[in-house]
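Written out below as structure tokens is the structure these notes cover.
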Amino acid sequence: VIAILLAFWLAGNFTTPILHLTEVVKQIGDGNLEVQAYVESRDEVGLLARAFNDMTSKLRYALQLAIDRSRRLETVATLGGNLNVILDFDQLLDELVVRVKEQFDYYHAQIFIIDEDRQFLVLKTGYGEPGRRMKDDNYTIPLDASNSLVAQAASKGKVVAIDDVYEIQDRWSNPLLPDARCELAVPIIIEGNVLGVLDVQSDSIAGLDEGDADLLRSLANHTAIALVNARLFEQAVRAREEAEEANRLKSRFLATMSHELRTPLSSVINFAQI
């Protein structure tokens, strides 16, 4: 009897955890990544249970990253589509800064455009009150400023990032953005030509990662195309206005000449009749 009871006890202690792990595996296969294997033993079954828990934890993390990335890419695609229908240059930049800052929860977002002489980066728009004040003050950064991430991104034509801006010696700081700690500058490039820089900042150290860089790089590509379209539209509008002005001046000139010619011709005709 003792042997039989001992056999049942050993079988229960061994088979129950196995059955529990089997159920856990089944739930994981059904997509439930929140399930946990509760096995307190320190033998091989316990090690296997802990391995299952580690696996599900890593799967949850990887799945969450994939979901976040998918949502971000969907947002970028939506933003890109919306930007392509905006043909006003300033409105396009303002809309982009607001969307980037609010939808991705950055501390600050701003856009610089290189001037015609390619000497300075001129702030075209920035988020909120700091951005408005900097724009009113004609805030600029020299293109050769080595202590500015914005200038580095524009001159090198590639993404430049730093986990802690205080690591930059004599950094190009802005008193209107006192809480900026992490920065990511992405050049806006079309056909190899840098038009400007999309710059975002975080208020936490290492608050921006490679995912942010990929996202903003894709968004900068959409922005470059939208900017070119907006500039072409402005040029077309300006050309039409100039053509209409030229046509108006031509009509006025012809009317004036007609009047000036009609007066002496009338006199000549009258003398001829006399």
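- Residues that satisfy the side chain to side chain contact (heavy atoms under 4.5 Å, CB included) test with Val165, not counting sequence neighbours, are Ile162, Arg171, Glu183.
- Every residue meeting the side chain to side chain contact (heavy atoms under 4.5 Å, CB included) condition with Lys124, not counting sequence neighbours, appears here in chain and number order: Phe89, Asp90, Leu93, Ile113.
- Taking the side chain to side chain contact (heavy atoms under 4.5 Å, CB included) definition, one finds that Asp115 meets it with Asp117, Gln119, Phe120, Val122, sequence neighbours left out.
- Among residues at least two apart or in separate chains, there is no salt bridge (Lys or Arg N to Asp or Glu O under 4.0 Å) pair with a member in residues 187-205.
- Asn221 places no side-chain N or O within donor-acceptor distance of the main-chain N or O of Ala224, the cut-off being under 3.5 Å.
- The list of side-chain hydrogen bond (donor to acceptor under 3.5 Å, both in side chains) pairs with a residue in residues 140-165, not counting sequence neighbours, reads Asp164-Arg181.
- Clustering ILVMFWY residues whenever any of their side-chain heavy atoms sit less than 4.5 angstrom apart, transitively, puts Leu149 in a cluster other than the one holding Leu195.
- Shortest non-hydrogen contact noted between Lys101 and Tyr107 is CE-O, 3.5 Å.
- Contact record, Arg118 with Asn193: NH1-OD1, 3.6 Å, taken as the closest heavy-atom pair.
- Shortest non-hydrogen contact noted between Pro187 and Val159 is CD-N, 3.8 Å.
- For Glu129, the side chain to side chain contact (heavy atoms under 4.5 Å, CB included) partners at least two apart in sequence or on another chain are Arg132, Arg133.
- The shortest non-hydrogen separation linking Tyr127 to Val98 is CD1-CA, 4.0 Å.
- Closest approach of Pro130 and His108 over heavy atoms only: CB-CE1, 4.4 Å.
- A heavy-atom distance below 4.5 Å is found between the side chains of Val100 and Leu216.
- When the side chains of ILVMFWY residues are joined at heavy-atom separations under 4.5 Å, either directly or via intervening members, Val160 and Leu198 end up in two distinct hydrophobic clusters.
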